[in-house]
Structures are given as structure tokens and as C-alpha cells.
Amino acid sequence: MEYKKDFLHAIVEEDLKSGKYQEIITRFPPEPNGFPHIGHAKSIYINFGLARDYNGRCNLRMDDTNPTTEDTKYVEALKDAVKWLGFEWDGDVRYTSNYFQKLYEYALQLIKMGKAYVDSVSEEEMRELRGTVTEAGKRSQYANRSVEENLDLFERMKNGEFQDGKHVLRAKIDMAAANMKMRDPLLYRIKNVHHHRTGDTWCIYPMYDFAHCLSDYIEGVTHSICTLEFENNRDIYDWVIDTLGLEPPRPYQHEFARLAINYTVMSKRKLLELVEGNHVSGWDDPRLPTIAGLRRRGYTRESILNFCESVGVAKANSVVDVAQLEFCIRDDLNKKAPRVMCVIDPLKVTIENYEGSEELEASCYPADVAKEDSRKLPFSKEIYIERDDFEENPPKGYFRLTPDQPVRLKHAYIITCKEIIKDANGKIIEIRAEYHPDSKSGQDTSGIKVKSAIQWVEASSAKRVELRLYERLYKNEQPQGLEDLNPDSLHVIKNALIEPAVIEQKPDERFQFERQGYFYADPIDYTDANPVFNKIVSLKDSWKKKEQKQPASKPKQKVKPVQVDGEVAPMSQEEQALFDRYTSKLGLNSEVANTIARDADLASFYSEALAVANSPITLANIVANEVARELKEQGAIKLSAKQVAQLVAMIDDATISSKIAKEVFEQMVKTAKDPKQIVEEQGLVQISDPAVIEPIIDEVIAKNPDNIAKYKAGNTKLSGFFVGQVLKATGGKANPKIVNKLVAEKLKSI
RNA sequence: UGGGGUAUCGCCAAGUGGUAAGGCAACUGGUUUUGGUCCAGUCACUCGGGGGUUCGAAUCCCUCUACCCCAUCCA
């Protein structure tokens, strides 16, 4: 694959390469209990994207195990979202509820294995029995029911003989598990409710932890990708599949960090609160991060997809700057949207020396956009310009119309201000101007230099339009609740004026209103009598920024948080004794001594090896680093002390370098061979002869003229690069100390 | 507090013992009939802190710190 790989792509690629799977199957498994938002888009993009990238398949599965919160209207919204983003699920839409019968049979199997039981304690009691994060829980008195009794009870649960909450089916795992999720998790609960798909067929419904892994298995899913908060659930996922002894290929769960964006909220609860409290106009309110909202706002699928790609996939909880999303839509629309002129806050301009009217041909795209189209622009002596584009007392650097500064009317003529007309309150209500007949756009011979070209509309032909200008929904970067809502997130402009072609010819749905931003014809409220446009996003505006910055340019100082150094647990008496012996008798440095003394396994290994080796320091270094790693990763040390002692001897007599020693150590662990044998078999003996090394250095230098130049230019860090190259060329066998010295000399001499 | 995770620029994010990628944002300058776009350039001697191992550490070891998740009959 050409592009940059995230960790999920890396896992899939590895699994395919190793032959673990012939083909990958992923799935997007939403619960149909809310409207999809841009966080779902990320998940959709990951799951469908993975399938696309590796010629696999991706299912769309409604995870409908909780009939009390779910509804078919959400199912439709979810399907729409996937389709709109341009993805196709494999086969039909799947439903966990389709597997209820199979799931039930698996549960029976677990009961028969003695791995599941019907519990009948109250909810409250169950909570108490579960224990806390620091205390183990206790099994309820019902846990030792016989298989027959469990089977009977479960059957009756299914038959609807009990009220909700009377009994549950639980897995029999471990009430003392450190992972709370493993303390006999619930598998089934009784819910005498109507399910939106299975109707009244079932009175018991499976829990997520039981249904999800098995649904994945049933569908042949290979990579079950979910968000970080399910990390603890992975143990149950594996337990269910392992305990049932399901044949491979089986699915494995992998977790990534869900998407968060600043100045907005993504949780179902908070979104619901906004909609139900009428703080927004509905699920498709253009200020919402819902797919429906984004669509109504005018975001394109390409922009959303690019956004998902650009934020990447990782495991760190992070909050993406909304500016990144805005960049994506601007970037997309810049290439696509026709440019038209709209005046939001009109100021009348009368061109005194212009008589009659004409139609100007105006291109819809600037020269740098590879599209071509044009429209007719009526022109006469009465026009409107943006109020902002005239200043009687302009600030420094103002490029637009002023009493002394002419300006070009985009696609038309240059005008000069002649007179300012104000009302009784001193508000400017009209500009009287003159145009320069020889300055017509495209055939300008006037020689007048203007600093900018502004948008305008001709008075008699302009159409009135409604504009909905959106700002961020929240005023806080990381909003908590309703109190953080931005009271000015919506501005409705009833009387904006737009050039007639936009309304009469409807050349597109999305436009760039020149110099202002991208707008979208509202798909619902737009009518010919009352055209409505939603602002998708503003154009970048470096002038506004410059203006605003002047007063508020305070140098922000970076406050580094104080790093508290916690207390180190004191050593036990025995540890202290060992530590003292290591440092005073054996000459170990305190850090290495500390590492070994505090770890009983390392200490015993060390003392064992010490008996057969007589190089306490080198040995200690290996124990405190390599052996410690092995112990950490494997949970046990499989090497004999003698083998390690042998390795130490080879380091001490310079047979091998410490770099090679690490490599040998890893092989010793893997193959259980003696280090001597490994070194012999692979010819790993260190090369220390300068006569052998020098030509290799010369070769490396000759091969890297660019880096030599950089080195000469002062990048002295590059010496490490050359050492590395030489070492690589010798398969790591060159004596690094000597290489280092020789490289330094060579580099100095050139 | 037990367990599970995560920390690399203002915001995302590569990097798996050998030159700290890239994008967004920001800032210069150039082009421009959009203060847009585009182009050129600047922006981490350092990777949460402190030690250790190594010729060489963001990467290996020890240790400390901060943040997130888990004690729903939700998913």
C-alpha cells in the first residue's frame, strides 16, 4: 500500500501476510438508538476503508439487542449515512436480532458446560456482590444451581414466565477478577417488550458482551474494530469465543480512539438534549456535527472523507481542531464551487456618469480553477456594494473604496467615490460615484491602479435571498453543557441581494459568494419565492485577522506544568541488603543495583549467574535490561544462568560488541541455543581491524554526498547517521567504538 | 485505590536502536480583478519528568507524574 499506514492497517496487513486470514471482513455495528454523527463517519471510514484497501468486505450490522431504546427510524438514518459517504455494505443489512436463535443456542451450550448460570438476586444485591475495584466480589447463592435447574429456568425465562429483572443469565468466570467486566458478566436479561424487528417473539435479550462477539463470529468477521472504552470488554469477547471452542478463523477485537472535535459535542445524550430542548432546529440543524446536520449545512462527502483521512487513527484520546474540518470543506469547494456575487449588507451606490444598462459576461471560476463556465451580469447606474467595502476614515492598509481610493467592481468597471450621503443620524445611506468608461474588465486601458476588486449587484435585477449564517454552536472549546452554548450561533439575514443568474438558472447547489464564503441552497426551506442559503464556511480572511489582532496582541507565555516527583516506595530490609552489597561489594551503579534488588526474580537470576561468571557489572547490566525485558514480556526467564555468563564473557573479551550481544540474547531466548554456538553459526565475531572498516566508511561517504554536504554545512548530528550506515553495511559486526572514531576522523578531514 | 489504556510542536499525527515525516493553525515574502487559491520560505538541538544501559535512545530498562476507561439487567 502506497499511503501511510495507521496501526489498524498494519495489523490487517500482517494478518493477511501471515496467512491468518485469506480475506478480511470488517463491520460497522451501530446501535440504532440515535442519529449518526461525524464520529460514526470516522468509524465508517475506518471499517469500510479497511475492507476497500485490502479487497475485503464490510458488513453493516444494526446492533439491536436493547429494544427499549432502539427504533427503525434510526436504522434508516444509519443506512443513509453509509450510503451518502459512498460506501456499500456487503450483502443485506445485518441485524444482531437475526441471530437471536443462534445466540440462544450458544447460551444453552454454555449452561451445559457449567459456564453459565441463572442468577436471581436483585439488581441492588448484585451490585453489592460485585465488589469494588479494590475488593473482590462474591458469587451469589444461586451460582451453584445444577445444569438442569439452569436449563429449566433459562427455558422459562425465554417463555416469558417471569417478570423483568426476576432472573438473569450470567457467565461463570471469576468474581475476583481484577477486570471488573469479568466478574460473572450478564449474558441475558428478561425484557417483556416489543422489539422493532422480532416483535414479541422474545422475552429475553442478549447483552452486548455476549451478542457482539458471536455476531462477529457468525458473520465471519476477522477484525472487530471498536472504540477505546471497550478495551476492558475484550477479555469477555475472547472468553466467550474460547470457552465455546469456536473454530478459527475467529475475529479479534481492536480498539481506536473515538473522534472528538472542539467547540462541539458528540455524545448521544448531549445531542439528544439539544434537539429535545429545542436549542437547535432538529437532528439536521446545520450547527450539529450529525451527518444530517453536516449535509444540510452543505458539507460534501469528499470533505468528510478527507477529514477522516487527515485526522488519522490512533489510540490517544485527542480533540481535533474544528479548523481542520473547515480546511477540508474549503479545500474541496475551492475546486468545485462556482463563484457568484452576493451582497449581505447592501449600501447603495449611484454611478452618476453611467446611463442605460448592459450585460457583462463573467466567468464563474478564477483562472486557477480548472473549470469553465460563465454567466451574464446586468449592470446599470444603480448598484449595491457591501457596507464593509466602504470606509470614510479607513484604517491603515485598507484596500477597498474610500473617498480617495478607487476600487474595481469585480467583472465590471473601476469607480471613484464622489459624495457620501448620510441620514439624520449620520449613517451612510448612499455613495455617489463615477465610473471610468475605459476600465471595463478585460479591456482596461485606464491605467488606474486599484488595490482590490469588490462584489456588487445591480439594483433592479438583484434578487432578495435569505441567508443563514452559522457560527460555532458552543462558545467553549470543550463544552460541558447547555451553559456553554453560544447565544449567537445563528444569524438570519432576510434581505441579502444576489445576482439574478443564481436564482434564475440555478447553476449549482453550492456557491462561493465571492470574498465571503461558501454557501449551500437549503435543501428543505429553499423556494423560488424565498430562496434560502446556508453558509457552509467562511473564506479565510487575513484582513479581518490583522484588524482584530492589533489591540489584542499580547505575548502569550507558555506555562509549563510543574512536574511533581512522587515518592519512591522504600525497600524492604532484604532488598536494602542486596542493594548495599551490589553497590559496595560488586561496584554496580545505584540504578542498576536498585532495579535488580527490588525484583526478586531478577535478584535470584543475578545471584545464580554470578556464581558462574566473574564480571558482576556487565552481567548486572544485562540482567537489569535484557533479562528484565524478557521477564516483563514473557513473564518468565527461560535462559540458564550459565548461558548468560557465557554471553557476558564474550562481551568482556570483546569477541562481540554490545550491539551484537543484544541480538544474540534475543536469539538465545528464542532458540535456547548457547551464545557461542549462535556467534559461530552466524559469524558474528566483531570486526575491529581499521584496515577492514576504512574502505567501508569510504564507500558510505561516497554513496551519500547529500549528507556529506549537510554535515559540512554544520549538521554534525549526521555523524551518527554515517556510523549507522557503516554498521549496517557490516551486518552490525563492526566494532562501533572503532567505527565511531574512524568516522569522526574521516569527517573531520573532508 | 485494583485492573486496562495513553503521553512526540498551539491542534492532529508518523516514527519500533542510527538525519524528529506529513497535515491543520500561525508567521514571512511572491503571484492574483476574491485580503481567496496557488507558489517559496519560517515554525520540535528534542519526544510527560528524572535516572540507567549503549559508540549512539522518542525507541531498551528502572522510576515518578498527568490524563482517559472499568464497579448499567446500556452499547
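Chain letters run A, B, ... following the sequence lines, proteins first, then strands; residues in each count from 1.
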Reckon A/E567 touches a base, only the sugar-phosphate, or nothing at all at heavy-atom distances under 4.0 Å?
-> sugar-phosphate
Per the atom types in the model, does the base of B/rU34 pair as donor or acceptor with the side chain of A/Q512 at under 3.5 Å?
-> yes
Would you say B/rC68 has OP1 or OP2 under 4.0 Å from some side-chain N or O of A/R258?
-> no
Mind running ring-ring contact (aromatic ring centres under 6.0 Å, His included) on A/F307 and A/F327 for me, showing each step along the way?
-> CA-CA 9 Å; A/F307 174 72; A/F327 167 82; over 10 Å; no
If you measure from the P atom in B/rC61 to the same atom in B/rU16, how many Å do you get, rounded?
-> 16 Å
Exceeds 12 heavy-atom contacts within 6.0 angstrom, atom CZ of A/R629 = yes
Which is true for A/G724 with a 4.0 Å heavy-atom rule: it touches a base, it touches only sugar-phosphate, or it touches nothing?
-> base
May I ask you to say what A/L727 touches in the nucleic acid, namely base, sugar-phosphate or nothing, with a heavy-atom cut-off under 4.0 Å?
-> base
Find out whether A/I190 and A/F162 are in side-chain contact, i.e. whether some heavy atom of one side chain is under 4.5 Å from a heavy atom of the other.
-> yes
Counting any heavy atom closer than 4.0 Å, what does A/V564 reach on the DNA or RNA strands: base, sugar-phosphate only, or nothing?
-> sugar-phosphate
Rounded to whole angstrom, note down the C1' distance from B/rA7 over to B/rU46.
-> 15 Å
At under 4.0 Å between heavy atoms, what does A/R598 touch on the DNA or RNA strands: base, sugar-phosphate, or nothing?
-> nothing
For atom CD1 of A/I236 and atom C1' of B/rG3, their distance in whole Å | 13 Å
Is there a donor and acceptor pair, one atom on the side chain of A/K659 and one on the base of B/rG18, closer than 3.5 Å?
-> yes
Looking across every strand, which nucleic acid part, if any, lies under 4.0 Å from A/K181 by heavy atom: base, sugar-phosphate, or nothing?
-> base
So, is A/K545 near the phosphate of B/rC27, with a side-chain N or O under 4.0 Å from OP1 or OP2?
-> yes
Under 4.0 angstrom, heavy atoms only, what part of the nucleic acid is A/E31 near: base, sugar-phosphate, or nothing?
-> sugar-phosphate
The glycosidic conformation of B/rU16, counting syn as within 90° of 0 and anti otherwise, is anti
Base B/rG35 to side chain A/R400, donor-acceptor N/O within 3.5 Å cut-off | yes
A/I454 CD1 - B/rG36 C1' separation (whole Å) | 16 Å
Integer angstrom distance from the C1' of B/rG56 to that of B/rG23 | 31 Å
Interatomic distance at C1', B/rA75 relative to B/rC38, whole Å | 47 Å
When only distance counts, do a donor and an acceptor, one from the side chain of A/N625 and one from the base of B/rG52, lie under 3.5 Å apart?
-> yes
Mind calculating the distance between CG (A/D599) and C1' (B/rG52) to the nearest angstrom?
-> 16 Å
Heavy atoms from other residues, nucleotides or ligands near NZ of A/K315 exceed 12 (cutoff 6.0 Å) = yes
P atoms of B/rG48 and B/rU59, separation to the nearest Å | 8 Å
No-hydrogen, no-angle side-chain donor-acceptor test under 3.5 Å, A/S97 and A/D64 | yes
Under 4.0 Å between any heavy atoms, over every strand shown, what does A/H212 touch: base, sugar-phosphate, or nothing? Just pick one.
-> nothing
A/N66 near the nucleic acid: base, sugar-phosphate alone, or nothing, with a heavy-atom cut-off under 4.0 Å?
-> sugar-phosphate
Assign A/V592 to base, sugar-phosphate, or nothing according to its heavy-atom contacts below 4.0 angstrom with the strands shown.
-> sugar-phosphate
To the nearest Å, give me how far apart NZ (A/K315) and P (B/rC12) are.
-> 18 Å
Judged by modelled atom types alone, do A/H167 and A/S120 share a side-chain donor-acceptor pair under 3.5 Å?
-> yes
Side-chain donor/acceptor of A/D541 to base of B/rG36, under 3.5 Å | no
Close side-chain approach of A/Y237 and A/F230, heavy atoms under 4.5 Å = no
Remember a base hit wins even if backbone is also touched, and classify A/V723 as base, sugar-phosphate or nothing at under 4.0 Å, heavy atoms.
-> base
On a whole-Å scale, what distance lies between the C1' atoms belonging to B/rC11 and B/rG3?
-> 31 Å
Mind checking A/V121 for me? I need base, sugar-phosphate or nothing, with any heavy atom below 4.0 Å counting as a touch.
-> base
For A/V450, answer base if it contacts any base atom (sugar-phosphate contacts may also be present), sugar-phosphate if it contacts only those atoms, and nothing otherwise; contact means non-hydrogen atoms under 4.0 Å.
-> nothing
Under 3.5 Å, is there an N or O donor on one side and an acceptor on the other linking the side chain of A/Q324 and the base of B/rG23?
-> yes
Write down the partner of B/rU19 under the Watson-Crick or G-U wobble criteria, each distance required to be under 3.5 Å.
-> none
Within the structure shown, what part of the strands sits under 4.0 Å from A/N707 by heavy-atom distance: base, sugar-phosphate, or nothing?
-> base
Any donor-acceptor pair under 3.5 Å joining the side chain of A/D368 to the base of B/rG36?
-> yes
Please measure how far the C1' atom in B/rA14 lies from the corresponding atom in B/rG22, and state the result in whole Å.
-> 7 Å
B/rU33 base / A/R408 side chain donor-acceptor hit below 3.5 Å = yes
Take atom NZ in A/K166; do more than 12 heavy atoms of anything else shown fall under 6.0 Å from it?
-> no
C1'-based separation of B/rU33 from B/rU28 [nearest Å] = 25 Å
Distance in Å, A/E231 CD paired with A/E229 CD, rounded so as to fall on 0.5 Å steps = 9.0 Å
Taking for each residue the nucleotide of RNA chain B with the nearest heavy atom, is it A/K440 or A/D321 whose nucleotide lies nearer the 5' end?
-> A/D321
Watson-Crick or G-U wobble partner of B/rU6, both distances under 3.5 Å | B/rA66
Establish whether the base of B/rU33 is bridged to the side chain of A/S441 by a donor-acceptor pair shorter than 3.5 Å.
-> yes
